[in-house]
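This report refers to the structure that appears directly beneath it.
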Amino acid sequence: MRDSPDGAGRGGEATAHGARAPVPDIHQGLADVVVDSTAIAAIDPATQSLTYRGYPVEQLARQCSFEEVAYLLWNAELPEPARLHRFIEREREHRRTDRPVNDLMALMPQRCPPMDVLRTVVGFLGSRDPDEDAAMVDPGGSRDAAALQEGRQQDEALRLMALMPTVVAADMRRRRGLAPVAPDERLGFAANFLHMCHGEVPDPELARAFEASLILYGEHSFNASAFTARVITSTQSDLYSAVTGAIGALKGPLHGGANEASMRNLLEIGSRERVGDWLRGELDSHRKVMGFGHRVYKNGDSRVPTMRAALGEIAERRGGQELLAVYDELERAMADATGLKPNVDYPVGLSYYLLGIDIAMFTPIFAMARIAGWAAHIIEQRRSNHLIRPLAHYEGLARRDVPAAS
Ligand SMILES: CC(=O)SCCNC(=O)CCNC(=O)[C@H](O)C(C)(C)COP(=O)(O)OP(=O)(O)OC[C@H]1O[C@@H](n2cnc3c(N)ncnc32)[C@H](O)[C@@H]1OP(=O)(O)O
Ligand SMILES: O=C([O-])CC(=O)C(=O)O
């Protein structure tokens with residue numbers, strides 16, 4: 001059945017006469033609703049598979065750099081060496097923040113969530129980007145204009161992708177009372193981020209494990225933040241507005257914020273022996289255990305095996321065996337008690353913790369990886385745009401008249 005137009009038509013008329021409108025099929029949370037097509041990523045929950053532009057994500061995580069995957073998401077093909085070289089060069093050129101951005105960050109209170117800093121900086125960058133207005137111009141059906149616009153959007157996205165790690169790392173150091181570390185143009189996207197966090201070139205194996213997390217975080221079809229970006233883009237708004245909104249959507253603990261919450265849980269539990277009592281307490285209080293469950297995967301998240309292997313490597317090098325035992329026990333106890341499996345945020349949380357990253361920075365790191373997917377969605381939405389505007393079933397008060405003034 002079609003939804004009734006909100007507050008009008010069948011629904012409005014019925015309520016106006018005091019009777020309740022018949023309730024149409026309502027898809028709260030848009031669960032199981034297919035709202036559009038996409039050629040970016042495919043999720044198959046039955047086989048626990050996730051592909052980006054046809055390539056299995058576990059192969060991309062093993063064989064590619066994050067930069068190659070971002071290029072793939074935006075261009076539908078893996079780059080040839082010369083194109084990759086140029087892409088990497090441009091990414092490295094745009095990593096440095098300038099004085100106004102540094103000043104803006106210094107104005108943000110230390111106790112505000114780092115996602116708020118990132119969201120504010122991205123919004124600010126939008127107001128200064130020379131291509132922003134151009135990107136908003138409707139190409140009006142001309143192929144050349146559309147191609148030009150798409151090129152500009154990719155440039156904007158690349159500049160944002162280059163800057164976000166610098167902002168996140170500087171914000172982490174600021175909260176620790178440390179000066180920022182300048183980006184190192186000799187290092188790739190992942191290794192440079194760890195370098196900017198800790199002030200030293202990372203162990204290549206650890207940098208590789210971290211890079212795998214960025215690739216796994218890069219894109220996930222019509223998730224809440226990508227959909228937010230698409231809704232904003234559908235009004236012909238600009239890329240920065242779409243990304244700012246997407247950061248806001250990602251921040252919540254039911255989405256990206258779960259990586260931080262799940263790490264806090266592991267620390268609160270503290271030891272393997274306490275897992276059972278802790279979990280009973282959570283479930284008896286009807287609290288959700290962050291890092292478990294998923295809207296699409298009901299049988300396990302396709303990214304978890306790859307990320308669990310990366311976590312194992314990190315724990316081996318960084319000595320996290322006790323926390324890893326708590327991690328494994330909680331996973332086992334959750335499966336026993338609820339049947340729920342971990343989602344990607346669960347192994348990522350502990351991985352980042354063992355890499356010496358502050359918990360409050362976990363979701364901003366998710367954002368600096370997901371910019372790759374968001375930009376792909378923004379470009380795809382623009383290519384065949386329809387204003388996104390669903391309907392609602394009105395269930396408020398019946399029509400009535402404003403009392404006459406006394
Ligand atoms: C990268 C990502 O964004 S992955 C997702 C990250 N988010 C989290 O880890 C947050 C914790 N998980 C959740 O809240 C959910 O599993 C979601 C929001 C991710 C998906 O949930 P949905 O498909 O909408 O299912 P919903 O939230 O309705 O849950 C269905 C049932 O399972 C229960 N449930 C789902 N997840 C959990 C959980 N993590 N802990 C405990 N119970 C849970 C719900 O309480 C509900 O039980 P009920 O039917 O008795 O009320
Ligand atoms: O797809 C979702 O709903 C959430 C998710 O796993 C992601 O965005 O990576």
Side-chain angles (χ1 to χ4, degrees), residues 59-75 77-102 105 114 118 121-122 125 129 154-176 178-218 310 313-314 316-318 348 351-352 354-358 361-362 364-372 375:
Q59 291 179 18
L60 294 169
R62 209 169 37 240
Q63 292 166 239
C64 296
S65 66
F66 178 73
E67 294 91 317
E68 276 175 290
V69 172
Y71 183 101
L72 168 71
L73 289 169
W74 299 349
N75 296 284
E77 293 298 339
L78 282 166
E80 284 155 14
R83 281 184 196 275
L84 178 62
H85 180 75
R86 181 72 197 120
F87 189 79
I88 286 174
E89 221 174 44
R90 279 164 53 226
E91 188 273 313
R92 293 179 188 195
E93 262 165 33
H94 287 106
R95 285 178 178 170
R96 279 173 193 267
T97 53
D98 61 8
R99 180 81 184 270
V101 169
N102 297 337
M105 285 177 68
L118 191 62
V121 169
V122 171
L125 289 169
D129 193 304
Q154 280 208 28
D155 286 346
E156 282 180 349
L158 188 58
R159 284 198 291 273
L160 216 40
M161 187 179 109
L163 261 185
M164 283 168 74
T166 315
V167 171
V168 176
D171 195 25
M172 183 178 101
R173 290 181 67 86
R174 171 179 86 113
R175 288 162 197 269
R176 290 181 176 187
L178 298 171
V181 172
D184 185 334
E185 283 164 22
R186 292 163 304 179
L187 297 174
F189 186 89
N192 173 56
F193 175 74
L194 294 176
H195 173 247
M196 290 190 296
C197 285
H198 303 311
E200 55 190 40
V201 176
D203 170 339
E205 295 300 322
L206 290 177
R208 224 9 242 158
F210 176 68
E211 187 155 31
S213 80
L214 301 181
I215 292 170
L216 298 172
Y217 263 162
E313 281 162 35
I314 294 169
E316 196 134 296
R317 281 166 187 268
R318 302 277 299 179
V348 166
S351 300
Y352 289 178
L354 295 178
L355 285 169
I357 297 166
D358 294 349
M361 312 317 293
F362 293 1
I365 297 174
F366 190 160
M368 76 187 210
R370 186 53 65 87
I371 178 70

Side-chain donor/acceptor of [X] to backbone N/O of [Y], under 3.5 Å:
X: His94; Y: Met161; value: no
X: Gln63; Y: Leu60; value: no
X: Trp74; Y: Ala375; value: no
X: Arg173; Y: Leu178; value: no

Under the ring-ring contact (aromatic ring centres under 6.0 Å, His included) test, which residues partner Tyr71, sequence neighbours left out? Phe87

At their closest point, which heavy atom of [X] faces which heavy atom of [Y], and how far apart are they?
X: Gly356; Y: Met172; answer: O-CE, 4.3 Å
X: Gly218; Y: Leu73; answer: O-CD1, 4.3 Å
X: Arg174; Y: Met105; answer: NH1-O, 2.9 Å
X: Ala367; Y: Leu118; answer: CB-CD2, 3.7 Å
X: Asp184; Y: Asn192; answer: N-OD1, 2.8 Å
X: Leu216; Y: Ala61; answer: CD2-CB, 4.3 Å

Test Asn75 against Gln154 for side-chain contact (heavy atoms from CB on, under 4.5 Å), laying out the working first. CA-CA 9 Å; Asn75 296 284; Gln154 280 208 28; 3.0 Å; yes

Considering residues at least two apart in sequence or located in another chain, which fulfil the salt bridge (charged side-chain N to carboxylate O under 4.0 Å, His left out) criterion with [X]?
X: Glu89; result: Arg86
X: Arg83; result: none
X: Arg95; result: Glu91
X: Arg90; result: Asp155

For residues [X] and [Y], determine if any side-chain heavy atom of one lies less than 4.5 Å from a side-chain heavy atom of the other.
X: Leu194; Y: Val201; result: no
X: Arg92; Y: Pro183; result: no
X: Pro180; Y: Met196; result: no
X: Leu163; Y: Arg159; result: no
X: Cys64; Y: Leu78; result: yes

Would you say that more than 12 heavy atoms from the other residues, nucleotides or ligands in this model lie under 6.0 Å from the CD of Glu77, or not? no

Step-by-step side-chain contact (heavy atoms from CB on, under 4.5 Å) determination, Phe210 to Leu206: CA-CA 6 Å; Phe210 176 68; Leu206 290 177; over 6 Å; no

Once the angle between the rings of Tyr352 and Tyr217 is folded into 0 to 90°, is it parallel (under 30°), tilted (30 to 60°) or perpendicular (over 60°)? perpendicular

Point-to-point distance, once rounded to the nearest 0.5 Å, from [atom1] of [X] to [atom2] of [Y]:
X: Glu156; Y: Leu125; atom1: CD; atom2: CG; answer: 11.0 Å
X: Ser65; Y: Leu214; atom1: OG; atom2: CG; answer: 10.5 Å
X: Ser351; Y: Ile357; atom1: OG; atom2: CD1; answer: 9.5 Å

Hey, could you give me each pair passing salt bridge (Lys or Arg N to Asp or Glu O under 4.0 Å) that has a residue in residues 194-213? Not counting sequence neighbours. Asp203-Arg317, Arg208-Glu211

Could you please spell out the steps behind the side-chain contact (heavy atoms from CB on, under 4.5 Å) verdict for Met368 and Phe193? CA-CA 10 Å; Met368 76 187 210; Phe193 175 74; 3.4 Å; yes

NZ/NE/NH1/NH2 to OD/OE distance under 4.0 Å, Arg176 and Asp358: yes

For side-chain contact (heavy atoms from CB on, under 4.5 Å), just list the numbers for Glu185 and Arg96, CA-CA rounded to whole Å, side-chain angles, deciding distance to a tenth of an Å, and then say yes or no. CA-CA 10 Å; Glu185 283 164 22; Arg96 279 173 193 267; 4.2 Å; yes

